[in-house]
There are 2 protein chains.
Amino acid sequence: MNITPTTHEKLAAAAELLAALAYPVRLKIIWLLAEQGQQSVNHLAEQLAMDQSAISHQLRILRQAKLVITHRDGRQIFYQVTDQHVVHIIRDAVLHANE
Amino acid sequence: MNITPTTHEKLAAAAELLAALAYPVRLKIIWLLAEQGQQSVNHLAEQLAMDQSAISHQLRILRQAKLVITHRDGRQIFYQVTDQHVVHIIRDAVLHANE
DNA sequence: TAAACATATGAACATATTTTCATATATAAT
DNA sequence: ATTATATATGAAAATATGTTCATATGTTTA
């Protein structure tokens with residue numbers, strides 16, 4: 001009934017996932033990807049009116065958390081949401097935060 | 001199809017909610033409250049082997065995010081999870097992060 | 001009323017995160 | 001080959017977050 005080492009680790013992993021989501025710019029990125037499908041880095045940067053570099057740094061965080069995956073086409077790199085589960089968590093958070 | 005001001009605000013609110021959750025100690029607090037029901041501050045501090053002050057600061061963040069509510073009984077203050085929706089979001093995050 | 005207990009809070013410090021700037025890497029076009 | 005385009009990355013600067021320490025506030029007990 002206490003926090004076992006296993007629970008501890010699972011919660012730590014969950015905290016890491018949540019931390020990757022817990023930033024407006026990153027939520028917006030995932031939102032755009034969920035709504036519009038895959039997007040190039042520049043396209044995201046334009047839509048969010050941010051520096052290419054800043055976006056790239058944020059995309060790295062999403063990548064490392066496996067929230068997005070990429071593929072290259074020519075010199076562009078396209079990002080897409082890894083799976084719908086992520087979108088589901090965000091939708092829940094949006095609903096709860098705005099109820 | 002872009003991010004409207006309304007969407008912008010909703011995502012900002014969601015990011016704030018997620019940020020309140022995105023820290024191991026805070027997840028553990030909510031976990032304990034969800035499993036064991038309401039707990040006093042000292043009891044939480046003991047179980048998590050943390051300073052009373054540090055826990056209080058973290059509890060304030062959870063309170064401000066309306067993730068927990070309190071009531072006083074004598075000189076103790078008992079915390080409990082605001083609603084099951086929160087627990088649901090965390091459970092989802094735990095599952096996704098550990099799959 | 002004074003002492004003890006439970007919790008909260010402000011300020012200083014330590015640590016982590018985000019942005020910016022310069023530059024590196026990879027691909028395509030000339 | 002050289003130049004242009006798209007993206008990534010390291011380091012410094014700017015900002016935010018968490019912890020600690022001292023102390024304040026509210027409540028009970030002696």
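To find a chain, count down the sequence lines: A is the first, B the second, and so on, and within it residues start at 1.
- Here the CD1-CG distance, from B:Ile90 to B:Leu95, works out to 12.0 Å after rounding to the nearest 0.5 Å.
- The side chain of B:Ser56 sits closest to C:dA8 out of C:dA8, D:dT19, C:dT20.
- To the nearest angstrom, C1' of C:dT19 lies 15 Å from CG of A:Leu48.
- Within the structure, every side-chain polar atom (N or O) of A:Asn42 is placed at least 4.0 Å from both OP1 and OP2 of D:dT5.
- Residue A:Asp51 places its side chain closer to C:dT20 than to any other of D:dT19, C:dT20, D:dT20.
- Side-chain N/O atoms of B:Ser53 and base N/O atoms of C:dT7 include no donor-acceptor pair closer than 3.5 Å.
- Checking the phosphate oxygens (OP1, OP2) of C:dA6, no side-chain nitrogen or oxygen of B:Arg72 falls inside 4.0 Å.
- Side-chain contact between A:Ile77 and A:His71 is absent, with no heavy-atom pair separated by less than 4.5 Å.
- A:Asp51 places no side-chain N or O within donor-acceptor distance of the main-chain N or O of A:Ser53, the cut-off being under 3.5 Å.
- Side-chain to base pairing of B:Gln52 with C:dA6: no donor and acceptor N or O lie closer than 3.5 Å to each other.
- Taking atom CZ of residue A:Arg60 and atom C1' of nucleotide C:dA16, one finds them 14 Å apart after rounding to whole Å.
- Comparing D:dA8, C:dT20, C:dA28 by their nearest atom to the side chain of A:Leu59 picks out D:dA8.
- Listed for the A:Thr82 side chain is a donor-acceptor partner under 3.5 Å among the backbone atoms of A:Lys66.
- At whole-Å resolution of the value, OH in B:Tyr79 and P in C:dA6 are 15 Å apart.
- Separating the CD1 atom of A:Ile77 from the P atom of C:dA24 is a distance of 19 Å, rounded to the nearest angstrom.
- Across all strands shown, A:Phe78 has no heavy atoms under 4.0 Å from either base or sugar-phosphate atoms.
- Judged by distance alone, with hydrogens and angles left aside, A:His57 brings a side-chain donor or acceptor within reach of the base of C:dT20, the pair sitting under 3.5 Å.
- With A:Arg26 contributing its side chain and A:Ala20 its backbone, the two residues share a donor-acceptor pair below 3.5 Å.
- Taking atom CD1 of B:Ile55 as the reference point, atom P of C:dT9 lies 15 Å away to the nearest angstrom.
- Look at NE2 on A:His71: it is 13 Å from P on D:dA8, rounded to the nearest Å.
- Whole-Å rounding puts the A:Gln58 CD to C:dT17 C1' distance at 9 Å.
- Closest approach of A:Ser40 to A:Phe78, counting heavy atoms only: N-CD2, 3.5 Å.
- Relative to the side chain of B:Arg75, the nucleotides D:dA4, C:dT7, D:dT29 differ in distance, and D:dT29 lies closest.
- Here C:dT9 is the nucleotide among C:dT9, D:dT29, D:dA8 with the atom lying nearest to any side-chain atom of B:Arg63.
- For the pair A:Met50 CE and D:dT7 P, the interatomic distance rounds to 15 Å; values are reported in whole Å.
- Counting non-hydrogen atoms under 4.0 angstrom, B:Ile61 reaches the backbone sugars and phosphates but no base.
- A close approach under 4.0 Å does not occur between any side-chain nitrogen or oxygen of A:Tyr23 and OP1 or OP2 of D:dT17.
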